[in-house]
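Below, chains carry the letters A, B, ... as their sequence lines are ordered, and counting in each starts from 1. The structure displayed is predicted, hence computed values, not measured ones.
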Amino acid sequence: MLEMLPFLLEVGTEEVPQSFLRPAAEQLSRLVQTLLEDAGIGFEGTLERFWTLRRIAVMSPAVRAAVPAHEVEVQGPPRKAAFDSDGKPTRTARGFAKSQGCRSEDLYVNKTDRGEYVFARKTVPEFRTADILANSLPKTLAAVEFPKTMRWLADGTRFPRPVRWLVCMLGSEAVEFEFAGLRAGRTTRGHRNSEQRVVELTSPAEYEHALAKANVVVSPERRRQTVVTALKKLAASVNAEPVLDEELLEETVNITEWPVPILSRFRAEHLELPAEVLVTALKKHQRCFALRNEERNLVPHFVAVANTPDCDAEKVGRWYEDAAESRFEDAGFFFQADIRTGLETLVETEKRVTWIEGMGSYFDKTQRLRAICQHLARAVPEADETTLDRAALLCKADLLTNMVREKEFTSLQGVIGGIYARLQGETDAVADAISEHYRPQSSADRLPATAAGAVLSIADKTDNIVATFLTGQVPTGSEDPFALRRQAAGLLAIILNRNLAVDIPGLVRATLGLFADPDPKLAGLIPDFFLERETQAMAERDVPYDIAQAVLATSGSLPARALATARALLHFRTRPEFEKLVIGQKRVANILRDQDVDGDPDPKLFAEPAEKELYQQAVAVAPELAPAVAGADFDKAFELLLGLRPPIDRLFDEVLVMAEDQRLRANRLRLLLFVRSLFREVADLSKVVIEGEPASA
Amino acid sequence: MANRPALTMQELMSRLLDYWASQGCAKLVPYNSEVGAATFNPFTFLRVLDSTPWNVVYHEPCKRPRDGRYGKNPLRVQQFYQVQVIMKPSPPDIQDRYLGSLRALGIDLKKNDIRFTEDDWDSPTIGAWGLGWQVDLNGIEITQFTYFQQCGSIDLKLIPVELSYGIERIAMFLQDVDSIMDVKWNRAMTWGDVYRMNEEEWSAFNLEEADVALYRDLFEKYESEAKRLLDKGLVLPGYDHVIKCSHFFNLLEARGSISVSERQKYIGRVRRLARQAAFAYLNKVEPEDPAGQSPRQGKSTTG
């Protein structure tokens, strides 16, 4: 029976949180695909996935209706365990044969990647796909993971919102199974306001079409197209274009089954409010799109996207207008009150507001930020010190404004501070630094664009990390409630992107010095935390683990230098001599490992020409290497080190380092130490993994 | 709606109460002390805890001192009305029943944009949380719709649904007025006629005049009294003092006299009291299944 049938699975729910939908639909589609593959059920093409906030669905145009009887090969125990010394099957082999329903004589041996194993051939009888699905789908549905689930039934079923219907069909037949106290069938539901609230499906193939007639566009891609087209058209009618915020667009697509964009307006006087405030109020509270003109200024219109087929657009639009009006009134109320107060006064108020228990007030924090910025300014000469100091002083004041304290505007922290700073006559540089000092807030976020903003952001993040560590809230495993890793990643991104000569241990020391009696044990954990983040930052920039270790071992304190070295090293790695150079350094490192050596070699004690040669060349390289490293010319530096390869190889060929004579041996070890120290000005090449060698940390 | 006069505030309240009575809910009355939400009423806070079915509807004046705008903001006031529905366990067709209540108010479900917008509700002060939505009518929130999962820091056995209607918002919609002050209370009086002075004076009190030292002191005193009463097993009087503490905290916050970290501490104190009240209640009504044992002790399970 090779008949192919269309397949559909739909889980109907009450409105699921929109951000769960895409990941859930994609998971469900993968899980169903795995289920089909594991059961040997053939299907054509890829599985399609659909969602609206009331349903998640997976569909395939053609799934084999049955799997015919067939033979499968089952792997058993290793050969060694299956046969005794006489070649007779052991108990293990007999047990395996029995479990597979065959005789032990029928077992045979095959080679695998992991050695020789015993196999059995067994016949699987024909089974119906519908039966497999009915058996497996309850487990599949229970396996979909969500960020947050709830209970609504006494049986403890968990899902993000109550499940209210299930559709499962193979061809025109229902695949009957139970989940969440419901029986799967052929009945789906249309839009709540549709004439057709209940839709009886005759085939999975008509799913999209049948639901479209019931005012549900199940394809998110199709809904997106509708929304974007309509937004542009409505905006054009008032000579504007929509501010297409991707997050808002995705949300709009997710929360509608039948999107109906409606043009609305607000009173032009609200345009006096900062554009960021208007856009955020529209987005966060109303889920509406702001519109702007050719000069990229907002216009007093916006677009609301309703979710109902026959709505009274004029009336609905007016209600959105009223709601926006009230939001803007509130924002205006906050804005006026904040401007009257002024940032200076709020800086005073900061003294009375605790930042983190035990870590002082917001005011204390700004004082630390000023000191950290001063420390950083040495490494970042392009940041103006006066600007930095002023921005550091004012940058937390907006946390106490009415605007930022209001839930929907919290995301504007920093931005509001920048706007207020500009309004009260601060320089653009100060305002910009305040505005961007929280950036980047995620790996996708923009970095601060100005030098002062970059420095203030580094200072703020360092202070957050150090203070949080000192309270004992150290990130472990998956626990990182204060997102310290993300903050460290952001800080490193700024340093690496701007190639700043910021010294991390120095920065951490300077910051620690600003806290009274830091717990030395907790403080001691911070450098390792940063080193771990640097390794991660390297990995995210395509630096392999071993190269990262090689450069971090020597320049971990200067992330920007470490990255530049890593890039030069990666480039250099392709050279044919590279491998020998690394092997030489590994030998040097191994010999020196358990030796207690220090001091310089004494040239008078060299007994062999190879020793002398290496020493002379190394001494000659040293004065050239230092400026190359200082000038970040790592290609040159590696070139110089490469010149030492022949004498190093020769030394190992001709000289016994661990000589009997104590004095000779000590001097040779000092020579190796000297050579190693030259390499370590650039990177610890002994950490580089070369082919054929097991990787090790 | 065009043909007949829109419902007044008082008609609206009684329609809702009647509708839910027709759905099997007992019509009850508001609590006699300041609450920030109808959830604080023991008809919700305590009665959702046990395993006995409980279906009720009542209206409740809610006080949110911080929201006072001296009667000047068209939507924001420091005291407003909720109609509260609790159905335990939640019926499977609860969304349809809810939509039925809007229809009973004369809202045309087809002409208007009604949304169930994700809004996980939690009230850290009473250790309660649940999942659900805010229901938006043309972009305006009119109802909080929540499946409670935990209350008084206790995992609930029988999952109740809570519907909290913002009556003024719905009245504004039905009567097509832009300001809460213009809402018709009955055919002769507006909301403003009844409450304008209330808003002006209470806003001044909440935001400017409330005596911070006095209310800090009262908080302490009511807190110890609540503990004492609950220790004695006097659940309702004890819980009454918990409600007072919560209100004093709201007042202090409105006066801007509570720092961020202090805020957390106050909330923690009220939450511990609420938890004590919840345990005391369960120990009294279900002594055979004492609270504090097995499934009830669960922490918030959000996985």
remark   = Under 4.5 Å to a heavy atom of chain B? For Pro162(A) that would be side chain
ask   = Do other residues, nucleotides or ligands put more than 12 heavy atoms under 6.0 Å from the CD atom of Glu145(A)?
value = no
Which portion of Pro89(B) sits near chain A, non-hydrogen atoms under 4.5 angstrom = neither
request  = Side chain from CB out, backbone as N, CA, C, O: work out which of these in Ser179(B) comes under 4.5 Å of a heavy atom of chain A, or both, or neither.
outcome  = neither
task = For Glu14(A) and Trp133(B), work out which heavy atoms get closest and say how close.
result = OE1-CH2, 3.1 Å
remark   = Between Lys111(B) and Asp310(A) the two heavy atoms that sit nearest each other are NZ-O, 3.8 Å
Contacting region of Ile114(B) [heavy-atom separation from chain A under 4.5 Å] = neither
ask   = Counting distance only, does the side-chain N/O of Trp319(A) pair as donor-acceptor with the main-chain N or O of Leu137(B) below 3.5 Å?
value = no
message = Under a 3.5 Å distance rule, please check whether Asn193(A) uses its side chain to pair with a backbone N or O of Leu109(B) as donor and acceptor.
response = yes
task = Show your working on salt bridge (charged side-chain N to carboxylate O under 4.0 Å, His left out) between Asp120(B) and Arg161(A) and close with a plain yes or no.
result = CA-CA 11 Å; Asp120(B) 296 345; Arg161(A) 289 295 183 276; 2.9 Å; yes
note = When rounded to the nearest 0.5 Å, the distance separating CG of Asp136(B) from CZ of Arg287(A) is 6.5 Å
ask   = Which is it for Glu195(A) and Lys110(B) under the salt bridge (charged side-chain N to carboxylate O under 4.0 Å, His left out) test, yes or no, and what are the steps along the way?
value = CA-CA 10 Å; Glu195(A) 295 302 319; Lys110(B) 297 210 168 170; 3.1 Å; yes
task = Please confirm whether the backbone N or O of Asn307(A) pairs with a side-chain atom of Asp113(B), one donor and one acceptor, at under 3.5 Å?
result = yes
Which atoms of Ser361(A) approach chain B - backbone, side chain, both or neither, heavy atom under 4.5 Å = neither
request  = Give a yes or no on whether Glu314(A) atom CD has more than 12 heavy-atom contacts from other residues, nucleotides or ligands under 6.0 Å away.
outcome  = no
Largest heavy-atom contact set with chain A, pairs under 4.5 Å, which of Leu158(B), Asp119(B), Ile140(B) = Ile140(B)
inquiry  = As an exercise, state the distance from CG of Leu131(B) to CZ of Arg151(A), rounded to the nearest 0.5 Å.
reply    = 10.5 Å
request  = Counting only heavy atoms closer than 4.5 Å, note whether Ala306(A) contacts chain B via side chain, backbone, both or neither.
outcome  = both
Verdict with supporting geometry, Glu15(A) and Thr117(B), side chain to side chain contact (heavy atoms under 4.5 Å, CB included) = CA-CA 8 Å; Glu15(A) 284 77 349; Thr117(B) 302; over 6 Å; no
query = Thinking salt bridges, do Arg189(A) and Asp96(B) make one under a 4.0 Å N-O criterion?
reply = no
request  = Using the side chain to side chain contact (heavy atoms under 4.5 Å, CB included) rule, take Phe333(A) and Arg69(B) through it: C-alpha gap first, then chi angles, then the decisive distance, then the call.
outcome  = CA-CA 10 Å; Phe333(A) 178 83; Arg69(B) 294 286 185 276; 3.9 Å; yes
key: Close side-chain approach of Arg318(A) to Asp178(B), heavy-atom, < 4.5 Å   = yes
message = side chain to side chain contact (heavy atoms under 4.5 Å, CB included), that's the test. Do Arg115(B) and Thr256(A) meet it? Break it down for me.
response = CA-CA 9 Å; Arg115(B) 302 287 190 94; Thr256(A) 47; 4.0 Å; yes
task = Find out whether Phe116(B) and Arg192(A) are in side-chain contact, i.e. whether some heavy atom of one side chain is under 4.5 Å from a heavy atom of the other.
result = yes
ask   = Can you check salt bridge (charged side-chain N to carboxylate O under 4.0 Å, His left out) on Asp330(A) and Arg76(B), steps first, answer last?
value = CA-CA 9 Å; Asp330(A) 252 7; Arg76(B) 234 181 248 264; 2.5 Å; yes
task = Please look at Pro160(A) and chain B and tell me whether the side chain, the backbone, both or neither of the residue comes under 4.5 angstrom of a heavy atom of that chain.
result = backbone
task = Quick one: closest heavy-atom pair of Ala323(A) and Gly139(B), and the distance?
result = CB-O, 4.1 Å
note = Under 4.5 Å to a heavy atom of chain B? For Leu53(A) that would be side chain
request  = Check whether the side chains of Arg164(A) and Gln95(B) place a donor and an acceptor atom closer than 3.5 Å, and report yes or no.
outcome  = no
message = Given the ring of Phe173(B), does Lys315(A) sit roughly above its face, with NZ or CZ under 6.0 Å from the centre of the six-membered ring and within 45° of the axis?
response = yes
message = I'd like to know whether CD of Glu178(A) has more than 12 heavy-atom contacts from other residues, nucleotides or ligands below 6.0 angstrom.
response = yes
query = If we only count heavy atoms from C-beta on, is the Ser326(A) to Asn73(B) side-chain gap below 4.5 Å?
reply = yes
ask   = Roughly how far, to the nearest 0.5 Å, is the CZ atom of Arg263(B) from the OG1 atom of Thr354(A)?
value = 14.0 Å
task = Answer yes or no: does atom NZ of Lys365(A) have more than 12 heavy-atom neighbours from other residues, nucleotides or ligands under 6.0 Å?
result = yes
key: Glu262(B) with Arg352(A): basic N within carboxylate O range, under 4.0 Å   = no
